[in-house]
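Atoms within each ligand, like the ligands themselves, are counted from 1 in listed order.
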Amino acid sequence: MISVQNIAGGYHQKNILNNICFSVQEGEFFGILGPNGSGKTTLMKMLSGILPVTKGQIMIKNKNVTAYSSKELAKVMAVLPQLTQTAFDMTVKEAVSIGRYPHQARILPRWTVEDEELVELAMKDTGVAGFAGRSIQSLSGGEQQRVFLAQALAQDPDILLLDEPTNHLDLAFQQSLLSRLKSWTKKRNLTIVSIFHDLNMASLYCDRVMLLSEGAISDIGTPYEALQEPTLKKVYSAEVKRHYHPSHQSPQVILDSPGSPERQVRITEEWLSIHPEYIALKSPIPLKTLSSAVVHAGIGWYTTFLNRHVDLNYSTDHAQVDLIRFIQSKGFDPNETAGMMTAVQLEDVSVKMTELAGFSILTVVTAGTGNAADASSGMDRLSASQGTINTWVFVNGICSEEAFIQAVITATEAKTRALADRFIQDPVTKTLATGTTTDSVLIAATQQGQELPYGGPATELGRAIGKSVYDCTIDSVGRYLEKKRHA
Ligand SMILES: Nc1ncnc2c1ncn2[C@@H]1O[C@H](COP(=O)(O)OP(=O)(O)OP(=O)(O)O)[C@@H](O)[C@H]1O
């Protein structure tokens, strides 16, 4: 649909763009990205034929852009520039109707039924039909933006060139406009080339993006291919981090600037409260957390950590909903809480603070072994009795992602060793148990103080986790067994 063949060009005999080569297919949503002054608008002006190229050529539907008359080009391509102050006042409908001008006969122009239908449709699609009779000067910036988009759509083009289409729009309109544009590329084969400053919007909606840097192409490809961390850091001279959208594979880019400094906090027993119904640790700052909790499993930032005691006969198909209600009933915010459950008596909890040079950890373990199982046996089993080992490790330090995962491994290995040393057997296989069928683990770190890159047993962090989880598990299982003996 569009073929840009090795073009150069700029202003006053000075080339701003050089060696630009790319093509855009019919029905493609193509994003142009790049820092201020990289040449995005200049390229748009060349694509729309306003600015001549000094080298190479731009082919629109297999015809050189310079070979089109302006009216012919307007039938093929509509341009939505960045919103500027409108010089003339007119009604919304009059402004949208201007979009039909290229399709009018030069001599004796007539307003046809088709013209009327396309104007109505464009106003409906952009949500401006409601104020068709109002003056555009009386509209907000976002509303005006939608009117000009309606004007471009009324042109019924094959190609839509957009310069920052969501600039003045609130979040809901950004989403509805881009979703609508995207659906038009699929349903109507509309080809869209759009400048974006918001990399994340571009990543969510564009089929491919092109990154411009100092008048040259820095990268081009799908958002996944082109929005790479090293490229973005270089092009934007900014510290950025690339993540993935929580629901799908679109990369999302965030600034990696140091956050506003939180007050220095050390997690110790003083933040822990132990009740018959639950154990809670309430931190004054959010902690980075990796867990297999019932509520908020996975990686996140939470301030509250809750282990709820449930009755031995507790049974529900909606454990998550039930635990969220419980969290609320105790005055905690479920959005801020990682929550788990156990049937063991919470007074048998084992808590240990370990101080090391430069950092410290707090370990909290509740343990019952009624559901003990040898994970290596591969046996099918029904878990019905009391017994779960819930392990919490709070780190006063900055853990890397590796350290979080290694901490889970180390804590699990230490727990398994503790069960072996207590001769806890799998009741089905009669072999040594490696854990129970419903164990949970939670590692949370303040992300303040000393950097802790690793959490395996070769490191101080790993040794501290291994020893404290072992000691707490031995202790907590001991109390559980003691109670069972006297039951
Ligand atoms: N009319 C002009 N005359 C001379 N130089 C210009 C003109 N318009 C733009 N430039 C220069 O061309 C370069 C590229 O500008 P352009 O507007 O294409 O950048 P951009 O990538 O769209 O930037 P922004 O993100 O700030 O909108 C800049 O250095 C700019 O100063």
Side-chain angles (χ1 to χ4, degrees), residues 2-24 29-58 60 65-66 70 73 77-87 141-142 144-145 148-149 152 159-169 174 177-178 181 191-206 208-221 223 226-228 231-240 252-255 257:
I2 301 173
S3 170
V4 175
Q5 300 168 1
N6 202 22
I7 59 161
Y11 312 92
H12 320 300
Q13 279 83 51
K14 185 174 167 247
N15 281 347
I16 297 288
L17 294 168
N18 284 297
N19 305 321
I20 304 290
C21 260
F22 66 94
S23 55
V24 182
F29 199 148
F30 187 83
I32 300 178
L33 313 173
N36 292 135
S38 55
K40 303 181 293 294
T41 306
T42 306
L43 177 59
M44 277 297 199
K45 286 180 186 164
M46 289 173 172
L47 289 176
S48 58
I50 299 172
L51 194 65
V53 297
T54 55
K55 199 184 135 205
Q57 57 183 1
I58 296 173
I60 305 287
V65 70
T66 56
S70 58
L73 192 59
M77 183 193 281
V79 183
L80 181 71
Q82 269 189 14
L83 191 63
T84 48
Q85 206 60 40
T86 43
Q144 287 187 16
Q145 184 87 333
F148 290 114
L149 179 68
I159 301 167
L160 196 52
L161 300 187
L162 308 168
D163 194 344
E164 288 267 8
T166 55
N167 219 0
H168 291 264
L169 303 184
Q174 288 186 27
L177 173 70
L178 290 171
L181 288 171
T191 306
I192 299 177
V193 178
S194 178
I195 293 177
F196 282 97
H197 270 297
D198 187 333
L199 303 181
N200 295 329
M201 282 290 180
S203 171
L204 283 176
Y205 290 97
C206 293
R208 284 188 308 142
V209 294
M210 178 169 76
L211 261 177
L212 284 183
S213 175
E214 296 176 3
I217 297 176
S218 179
D219 218 324
I220 187 166
L227 300 179
Q228 297 287 341
T231 318
L232 294 170
K233 281 183 183 176
K234 194 161 149 248
V235 167
Y236 286 93
S237 306
E239 279 308 309
V240 294
Q252 298 286 285
V253 181
I254 54 167
L255 282 174
S257 304

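- With a 4.0 Å heavy-atom cut-off, ligand 1 is reached by no atom of Lys14.
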The test is side chain to side chain contact (heavy atoms under 4.5 Å, CB included); show your working for Ser218 and Thr231 and say whether it passes.
CA-CA 8 Å; Ser218 179; Thr231 318; 3.8 Å; yes
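- When hydrogens are left out, the protein atom nearest atom 12 (O) of ligand 1 is Ile16 CD1, 3.3 Å; that is the closest non-hydrogen contact.
- Contact record, Ile60 with Ile159: CG2-CD1, 3.6 Å, taken as the closest heavy-atom pair.
- Proximity of Leu227 to Leu33: side-chain heavy atoms (C-beta onward) are separated by under 4.5 Å at one or more points.
- When each atom of ligand 1 is checked for a heavy atom of His12 under 4.0 Å away, the hits are 3 (N), 4 (C).
- The shortest separation from a heavy atom of His197 to ligand 1 is under 4.0 Å, placing the residue in contact.
- The heavy atom nearest to atom 23 (O) of ligand 1, out of those in Gly37, Gly10, Gly39, is found in Gly37.
- Of the protein's non-hydrogen atoms, the one nearest atom 22 (O) of ligand 1 is Thr41 OG1, 2.6 Å.
- Atom 10 (N) of ligand 1 has its closest protein heavy atom at Tyr11 CE1, 3.3 Å.
- For Glu164, the closest heavy-atom approach to ligand 1 does not fall below 4.0 Å.
- Put simply, atom 31 (O) of ligand 1 has no protein non-hydrogen atoms near it, under 4.0 Å away.
- Scanning all protein heavy atoms for the shortest distance to atom 15 (O) of ligand 1 gives Thr42 OG1, 3.7 Å.
- With 3.5 Å as the limit, one finds a donor-acceptor pair spanning the side chains of Tyr11 and Thr42.
- Nearest approach of Ala152 to Ala78, heavy atoms of both residues: O-CB, 3.4 Å.
- No more than 12 heavy-atom neighbours from other residues, nucleotides or ligands sit within 6.0 angstrom of CD on Glu214.
- For Gly34, the heavy-atom gap to ligand 1 stays at 4.0 angstrom or more.
- Of the protein's non-hydrogen atoms, Lys40 NZ, 2.7 Å is the one closest to atom 25 (O) of ligand 1.
- Phe22 and Phe30 have their aromatic ring centers within a separation under 6.0 angstrom.
- Annotation: atom 24 (P) of ligand 1 to nearest protein heavy atom, Asn36 ND2, 3.6 Å.
- Atoms of ligand 1 lying under 4.0 Å from any heavy atom of Pro35, numbered from 1 in the order shown and given with element: 21 (O).
- Among Asn15, Asn18, Thr54, Ile58, the single residue meeting the side-chain contact (heavy atoms from CB on, under 4.5 Å) criterion with Ile7 is Ile58.
- For the side-chain contact (heavy atoms from CB on, under 4.5 Å) with Phe29, the lone residue among Val24, Val209, Leu178 that qualifies is Leu178.
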